[in-house]
Amino acid sequence: ADGRFNAEKTILPTVGMYFDRTERGKLDRCLREYASENFSADWGVRIVGKDNRMFDPTGYHYGSIWPLFTGWTSLAEFAVDRPLQGFMHLMSNLVLYGYFSAGYVEEVLHGEKFQPAGVCPHQAWSETMVLQPILEGMLGLERDAHGSTLTLRPYFPPHWNFAEIKNIRLGDHFVHVKMRREKGSTSFEFRTSASSGIGVTLQPRFPLGTFVWEVVVGSERIKKKTRVTQHWHAPEIKFLLSKHSEVRFHHSGGIAIVPPVPRLRPNQESEGLRIIEERSEDGAYVVILEGRPERRYTLDVIDPFKNVKEAAGAEIVNREGSRLTLALKMGQTGTANNYVRKQVLLLTR
């Protein structure tokens, strides 16, 4: 009433982030907190943090977990180029269909234990938030049937070497896309029944540290020398699709985490890793994460060019092809959330 802002930290600003109405400096700080155990459990995102004075894990608006808000958070993370966290939250929603009311997704879940918190066992907005983050988030799909244009800004987890997207509808026509990864190249094959031409914008998300040195569109070779130190640095390619087109990105380097997927048990407490931040620095790939105090974890990393020479804060326990397996032990507790933060450096020289 007196014009002051509400100072409570809640999950609701993710909607403004999703619609690109937030200053980047502010949203980066905010999303790092949403990725932490304070807000995120293995099965989704709390409406308020555990450090809130009103926190109640069964409170409808004060600490419970709604898949609706988890989906909003995932969409916001994809929109502002935090695709690793976006995918993790997407998967927190996706795995829910196998529990409680099988095939459906609950409206509200307990904020500290994996169990329903009452209300509604079959909630349409929870179920749509399994799908929308896949389509608009992971695929970065935008369509304009009137203007006959299609945009894809996809993030595929680094251990996916193949993906296929069928039946993207655009007016009376359908577009089919195949992605294939090989060492040193990533290709996208487009097919459509349209003969008049569809304007396509393609901007795939590459692992941090990737150097893209050339893009081939059909028979045209385009020099697009770009080093991906932030996910939004990936080159953007525009072309006219008629019947069939192939786009191939030639690249080297790049390191990426295989997103941890929650393994849930009814009534369990959170125990999985939280990935707060990943960044590429000169000579290192840096990961900030959280886990249970004194708990041992493993984390898989994709390093196709074997750039990682050693690790600090973790031990390299296996190398198989392009995949590294790291073992790490968290420190002792000291936080109210009973999770501990740790930094891991993968040194590349």
Side-chain angles (χ1 to χ4, degrees), residues 1-93 106-114 117 119 125-126 129 132-133 137 262 269-279 287-293 333-343:
D2 63 3
R4 290 181 299 166
F5 285 99
N6 182 354
E8 294 292 346
K9 294 180 182 179
T10 77
I11 206 66
L12 300 177
T14 54
V15 178
M17 298 175 193
Y18 167 49
F19 286 116
D20 192 24
R21 292 294 179 267
T22 315
E23 297 172 30
R24 179 163 289 274
K26 293 180 179 179
L27 62 86
D28 283 343
R29 293 196 301 272
C30 202
L31 286 173
R32 282 195 291 269
E33 185 159 356
Y34 293 157
S36 76
E37 170 62 18
N38 189 35
F39 273 89
S40 285
D42 292 347
W43 52 94
V45 185
R46 302 176 184 94
I47 194 167
V48 299
K50 292 166 70 174
D51 62 353
N52 191 294
R53 69 188 188 283
M54 297 181 292
F55 175 73
D56 176 353
T58 61
Y60 191 64
H61 285 150
Y62 297 97
S64 62
I65 288 174
W66 294 27
L68 173 66
F69 301 140
T70 304
W72 287 351
T73 304
S74 177
L75 285 166
E77 289 165 329
F78 279 117
V80 300
D81 292 287
R82 288 171 57 89
L84 171 63
Q85 290 80 7
F87 186 84
M88 291 176 66
H89 282 132
L90 180 164
M91 291 303 297
S92 291
N93 264 358
E106 297 276 340
E107 180 183 358
V108 184
L109 297 164
H110 194 281
E112 289 191 310
K113 294 181 180 180
F114 181 48
V119 194
W125 69 46
S126 297
M129 279 300 159
Q132 193 172 344
E269 295 182 350
S270 274
E271 54 189 35
L273 281 172
R274 307 281 171 265
I275 310 297
I276 309 302
E277 187 176 6
E278 56 164 348
R279 61 179 185 268
V287 182
I288 310 296
L289 46 80
E290 289 180 350
R292 284 283 187 185
T333 187
T335 69
N337 300 320
N338 203 24
Y339 257 59
V340 181
R341 189 163 293 194
K342 185 181 184 73
Q343 177 174 281

Set out, in order, the CA-CA distance, both residues' side-chain angles and the distance that settles salt bridge (Lys or Arg N to Asp or Glu O under 4.0 Å) for Arg274 and Asp42, then state yes or no.
CA-CA 9 Å; Arg274 307 281 171 265; Asp42 292 347; 2.8 Å; yes

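A donor-acceptor pair is defined here as one N or O able to donate and one able to accept, closer than 3.5 Å; no such pair exists between the side chain of Asp56 and the backbone of Gly63. Under a 3.5 Å cut-off, the side chain of Thr58 and the backbone N or O of Ala117 do not form any donor-acceptor pair. Between the Ser64 side chain and the Pro57 main chain, no donor and acceptor come within less than 3.5 Å of each other. Side-chain atoms of Glu107 never come within 3.5 Å of backbone atoms of Val119 as a donor-acceptor pair (strictly under, hydrogens ignored). No side-chain donor-acceptor contact under 3.5 Å links Ser74 to the backbone of Gly71. Without hydrogens or angle criteria, Thr10 side chain to Val48 main chain gives no donor-acceptor distance under 3.5 Å.
Considering every non-hydrogen atom in both Met17 and Thr22, the closest pair reads N-OG1, 3.4 Å. Summarising the geometry of Ala76 relative to Thr14, their closest heavy-atom pair is CB-O, 3.6 Å, with the distance given to 0.1 Å. Shown here for Gln85 and Ile275, the closest heavy-atom pair between the two residues is NE2-O, 3.1 Å.
In this structure, Arg341 does not pair ionically with Glu277, as no charged nitrogen and carboxylate oxygen lie closer than 4.0 Å.
Ring geometry for Trp66 versus Phe69: interplanar angle under 30°, hence parallel rather than tilted (30 to 60°). The aromatic rings of Trp43 and Phe114 sit tilted, their planes meeting at an angle between 30° and 60°.
Other residues, nucleotides and ligands contribute only 12 or fewer heavy atoms inside 6.0 Å of the NZ atom of Lys9. Within 6.0 Å of the CZ atom in Phe55, the count of heavy atoms belonging to other residues, nucleotides or ligands exceeds 12.
Just one of Ile65, Thr70, Asn52 meets the side chain to side chain contact (heavy atoms under 4.5 Å, CB included) condition when paired with Arg46; it is Ile65.
The line from CG of Leu31 to CG of Asp81 is 11.0 Å long, rounded to the nearest 0.5 Å.
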